[in-house]
2 protein chains.
Amino acid sequence: MSLAHKDVTAGEALPPAPDHAGCTRVAPILQRIGDKWSILIVMVLGGGPRRFNELKRQIGGISQRMLTLSLRGLERDGLVTRTVTPSIPPRVDYALTELGDSLRAPMQAIGMWADTHYETIQAARANFDRRAEAE
Amino acid sequence: MSLAHKDVTAGEALPPAPDHAGCTRVAPILQRIGDKWSILIVMVLGGGPRRFNELKRQIGGISQRMLTLSLRGLERDGLVTRTVTPSIPPRVDYALTELGDSLRAPMQAIGMWADTHYETIQAARANFDRRAEAE
DNA sequence: CCGCATCCCTAAGGATACTG
DNA sequence: CAGTATCCTTAGGGATGCGG
């Protein structure tokens, strides 16, 4: 793990390039929320607290195993709270913390980007695959 | 795969919640760039074109296998160009496309977020693990 | 220098069945 | 309802060695 910050002399042509710090720190976080389900969960919880099976239904296609694990991860990172009401049947509510809520804005920036360029990317893929198939 | 857009009546308490569309479309894209290396590559290429081993060195800790695969993925999605100069020894340059470059902005939004809340998240994890260990 | 092919091991993740 | 536990299959990813 290095990501050398010195030695920027190698190449510096086209763009402004105002990054260079906090790159390696971003990766682990992006992976945390870049997994198959976490963003979906955050998105749904952005609409207010949800119960376990409510989440499961609204997300669609997730197993309870993965929902549990994903929620645990988000809870662990302080993005989501888990509130148990020990009634019968038991009731558990999940909600975004302030931290989790603050993630929604940058997330939507990516969302916008993805939505804007979705077709372009699909086209690029199709194109790439087509000429790859033609050897 | 559903993510029902209707039936928002279930819960709508705390936040403004201006999302609800393009959620399922975001996930695959986030996974594409949320893998272990892609963002790092995009970040480094943000500083200008790089050769293969140049990238490898600057990223640090990546195997050439994964670098190749990641670059192929990025190329396939039209985020990166691959330019071969058939000299001896051969020379291959990678650079961001306009599309790839446009990704840097939203990416840095997440980067900022991650950097800002890094400590908080670490603390939350430590806290969670501590009380989990205490059963 | 670039990168494909191979081997191999681990983690991710789905399906199902069972508990408080 | 809200999980936990188990099984099993696949994808991710490192190490190494060869080839243009």
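We name chains A, B, ... by the order of the sequence lines, and we start the count at 1 in each one.
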For the pair made of [atom1] in [X] and [atom2] in [N], what is the distance, rounded to whole Å?
X	N	atom1	atom2	answer
A:M66	C:dA12	CE	C1'	7 Å
B:L69	C:dC2	CG	P	16 Å
B:N53	C:dC1	CG	P	6 Å

I'd like a table of atom pairs between the protein and nucleotides 16-20 of chain C - only N or O on both sides, under 3.5 Å - with the distance next to each one.
none

### Task
Please examine the side chains of B:W37 and B:M66, heavy atoms only from C-beta on, and report whether any two atoms are closer than 4.5 Å.
yes
### Query
Can any side-chain N or O of A:K56 pair as donor or acceptor with the backbone N or O of A:I62 at less than 3.5 Å?
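Present.
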Would you say [X] places a side-chain N or O within less than 4.0 Å of OP1 or OP2 belonging to [N]?
X	N	value
A:Y94	D:dG3	yes
B:R51	C:dC2	yes
A:K36	D:dA11	no

### Task
With the side chain of B:R82 defined as its heavy atoms from C-beta on, choose the nearest nucleotide among D:dG13, C:dC2, C:dG14.
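Looking only at side-chain atoms, B:R82 lies closest to C:dC2.
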### Query
Out of B:L79, B:L96, B:V42, which one pairs with B:D101 under the side chain to side chain contact (heavy atoms under 4.5 Å, CB included) rule?
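With B:D101 as partner, B:L79, B:L96, B:V42 yield a single side chain to side chain contact (heavy atoms under 4.5 Å, CB included), made by B:L96.
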#### Entry: Identified stems (criterion: three or more consecutive Watson-Crick or G-U pairs, under 3.5 Å), DNA chain C
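DNA chain C stems, ordered by first number: C:1-20 with D:1-20.
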